[in-house]
Amino acid sequence: MSNIKPEDFFKNIISHSKEYGFIFPSSEIYDNGLSAVYDYGQLGAELKKNIRDYWWKAMVQMNENIVGIDSAIFMHPTTWKASGHVDAFNDPLIDNKDSKKRYRADVLIEEHVAKIEDKINKEVEKAAKRFENFDAAMFKSTNARVKEYQDKIDAINERFKTALNANNLDEVKQIIVDLEIVCPISGTKNWTDVRQFNLMFNTSTGAVTDETNIIYLRPETAQGIFVNYLNVQKTGRMKLPFGIAQTGKAFRNEIVARQFIFRMREFEQMEMQFFVKPGTEMEWYEYWKQTRLKWHLSLGLGAEKYRFHDHLKLAHYANAAADIEHQFPFGFKELEGIHSRTDFDLKQHEQFSGKKLQYFDPELNASYVPYVVETSVGLDRLFLSILSSALKEESLEGGDTRTVLSLPPALAPYKAAVFPLVKKDGLPELAESIMKDLKFDFMMAYDEKDTVGKRYRRQDAIGTPFCITVDHQSLEDKTVTIRDRDTMKQDRVAIDKLHSILTEKTSLQSLLKTL
RNA sequence: GCGAAAGUAGCUCAAUUGGUAGAGCUCCAGCCUUCCAAGCUGGAGGUUGCGGGUUCGAGACCCGUCUUUCGCUCCA
């Protein structure tokens with residue numbers, strides 16, 4: 001695989017995903033799909049479910065002080081005012097067709113206003129030199145030229161405010177045209193229409209659509225945890241420090257969604273908000289950085305494929321933030337974020353809801369708003385990181401090649417496949433009975449078509465870690481061969497040992513024990 | 001969003017200057033087979049992404065549109 005170029009390798013992953021039923025473009029029969037939306041197929045759904053289960057068990061089952069919830073995608077609209085999402089992502093944008101540069105329309109207009117203000121200041125400076133005992137305020141309110149400038153500014157601001165409040169984007173563009181604002185780079189006035197880019201998708205409740213019942217699709221799952229913080233703390237009798245975990249869909253109206261399932265408009269997050277005593281957040285921040293990295297390393301995809309990236313520029317809610325990055329075929333990219341969110345979110349929700357979201361600390365005999373350390377990982381990105389690391393073209397002795405998906409066995413869609421060596425002499429019947437016993441506890445595949453070598457290759461390509469083959473000896477001594485996907489080596493084992501072998505090698509328990 | 005390239009069977013790709021849409025692999029039904037793809041026979045699968053246009057005739061040329069990849073841009 002080393003001689004495959006990264007971009008070709010990436011295309012290889014996309015076609016492999018499609019060919020074997022991991023990922024399909026959404027609504028593909030119409031126009032080749034909906035942009036940047038993908039569906040998980042029969043194998044993809046299994047793999048994704050197993051990844052999610054592993055995360056959930058590592059977080060919730062293995063930590064007595066972490067509990068899981070499942071909050072709704074729809075939330076009260078005020079939630080997003082409190083979180084800052086409504087204000088932060090409502091920018092009117094405009095492009096210059098010649099320079100291809102994009103600007104915020106409001107910034108262009110503000111800059112134009114600032115230029116006029118400069119002119120006023122120059123008039124004031126000039127006048128200040130001419131007169132002693134100069135009164136700037138008096139000058140501004142009486143000088144005809146300055147008053148003209150100021151009237152212009154007021155008119156622009158008033159017109160812009162009206163246009164924005166009416167959400168009249170055509171008028172915003174008309175302002176830019178009327179003011180003859182030019183692009184600083186191309187110097188031309190060749191503008192596109194003004195468009196509103198909002199990060200959040202919205203819809204409305206009830207049959208009648210109006211401003212009052214607009215409702216957003218959540219852009220992150222975290223807020224569902226924050227608004228339930230007190231419910232969980234009280235009903236679960238949780239003591240600090242404790243965590244609330246959740247997995248679920250989130251929606252972001254990305255301007256550009258790209259790179260297969262790496263950046264999608266509809267995606268799944270796995271988040272855990274850890275509530276701690278103020279002042280201890282940096283210890284926990286470090287703890288969760290290391291704990292989460294260990295979790296990723298336990299997948300065995302290679303330690304060199306992971307690294308931390310500490311944020312220098314912090315979001316408004318954070319006092320420390322780092323990403324765990326993974327080396328994708330297109331470079332190191334963010335996989336998981338660990339953020340120290342302070343008490344920003346809970347304080348905001350206190351303020352907007354008017355409800356206290358505090359914790360009574362019996363040791364201090366005092367109440368306070370806890371600090372929060374967040375771990376937030378994209379399930380789809382995790383899926384892509386595992387798939388792209390696992391997919392290999394191997395050269396075998398004799399010049400053969402094989403395609404093998406070296407998934408961590410505990411995450412593989414099928415844990416084992418059962419084959420009769422030949423399709424006669426009672427071998428299929430024995431193979432089917434073995435499979436029927438095992439499928440109560442394991443996802444099993446069965447295949448009797450084509451030569452056994454071909455069947456091994458088919459299972460290699462979808463990541464099945466073990467192939468169990470029934471041969472003529474099996475009829476005599478109740479043993480079968482079990483073949484390892486990665487080494488291609490076979491062992492002969494008793495049929496009644498299969499269950500314990502598969503449990504040991506393919507259960508999530510084996511992974512959890514490494515943490 | 002801009003620019004470049006691309007879109008033909010499930011996958012990878014062909015199809016002389018515009019002239020009957022093909023191959024390999026895959027898949028399905030059989031045959032043959034005592035352990036690592038590529039043995040035999042037969043079969044399925046396509047309004048060439050979609051919609052217009054030019055032409056006697058378009059997979060190919062023109063326009064629009066959708067989708068993908070790459071580069072910018074964006075991503076509190």
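Letters A, B, ... are given to chains in the order of the sequence lines, protein chains preceding strands, and every chain is numbered from 1. Predicted model, so just to flag it, every value in this text is computed and none were measured.
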Without decimals, in angstroms, what is the distance between [X] [atom1] and [N] [atom2]?
| X | N | atom1 | atom2 | value |
| --- | --- | --- | --- | --- |
| A:K18 | B:G49 | NZ | P | 13 Å |
| A:Q269 | B:C75 | CD | C1' | 14 Å |
| A:I13 | B:U68 | CD1 | P | 17 Å |
| A:Q259 | B:U67 | CD | P | 17 Å |
| A:D460 | B:U26 | CG | P | 15 Å |
| A:K81 | B:A76 | NZ | C1' | 17 Å |
| A:K489 | B:C36 | NZ | P | 15 Å |

Notebook entry, point to check: What residue pairs, at least two apart or across chains, pass salt bridge (charged side-chain N to carboxylate O under 4.0 Å, His left out) with a residue in residues 401-430 of chain A?
Noted result: A:E394-A:R402, A:R402-A:D460
Next item on the list: Tell me which of A:R458 and A:E28 sits closer to the 5' end of RNA chain B, going by the nucleotide each one is nearest to.
Entry: A:E28
Next item on the list: For A:V37 and for A:R263, locate the closest nucleotide of RNA chain B by heavy-atom distance; then report the residue assigned to the nucleotide nearer the 5' terminus.
Entry: A:V37
What distance, rounded to whole Å, do you find between the two [atom1] atoms, one in [N] and one in [M]?
| N | M | atom1 | result |
| --- | --- | --- | --- |
| B:A58 | B:C75 | C1' | 43 Å |
| B:U17 | B:G52 | C1' | 26 Å |
| B:G53 | B:A15 | P | 28 Å |
| B:G18 | B:C56 | C1' | 12 Å |
| B:C27 | B:G10 | C1' | 8 Å |
| B:G49 | B:U8 | C1' | 10 Å |
| B:A4 | B:U65 | P | 14 Å |
| B:C50 | B:C66 | C1' | 7 Å |

Next item on the list: Counting heavy atoms from C-beta on, name the nucleotide in B:U69, B:U26, B:C36 closest to the side chain of A:I14.
Entry: B:U69
Notebook entry, point to check: A:R341 and salt bridge (Lys or Arg N to Asp or Glu O under 4.0 Å): which partner among A:E271, A:E281, A:E220?
Noted result: A:E220
Notebook entry, point to check: Does A:K48 make a cation-pi contact with A:Y40 (under 6.0 Å, within 45 degrees of the axis)?
Noted result: yes
Checklist line | Cation-aromatic face contact A:R265/A:F251, 6.0 Å, 45 degrees | finding: no
Notebook entry, point to check: Does anything in residues 448-488 of chain A pair up under ring pair (Phe, Tyr, Trp, His ring centres under 6.0 Å), and if so which pairs, sequence neighbours excluded?
Noted result: A:F419-A:Y456
Notebook entry, point to check: Tell me, for nucleotides 29-35 of chain B in 5' to 3' order, what letter each nucleotide earns: B for a base near a protein heavy atom under 4.0 Å, S for only sugar-phosphate near one, - for neither?
Noted result: B---BBB
Mind checking [X] for me? I need base, sugar-phosphate or nothing, with any heavy atom below 4.0 Å counting as a touch.
| X | value |
| --- | --- |
| A:E220 | base |
| A:F260 | sugar-phosphate |
| A:A36 | sugar-phosphate |

Check: Would the A:F22 and A:Y20 ring centres measure less than 6.0 Å apart?
Finding: no
Notebook entry, point to check: Can you tell if the side chain of A:P408 reaches within under 4.5 Å of the side chain of A:I386, non-hydrogen atoms only?
Noted result: yes
Notebook entry, point to check: Any luck finding a side-chain donor-acceptor pair between A:N319 and A:T342 under 3.5 Å?
Noted result: no
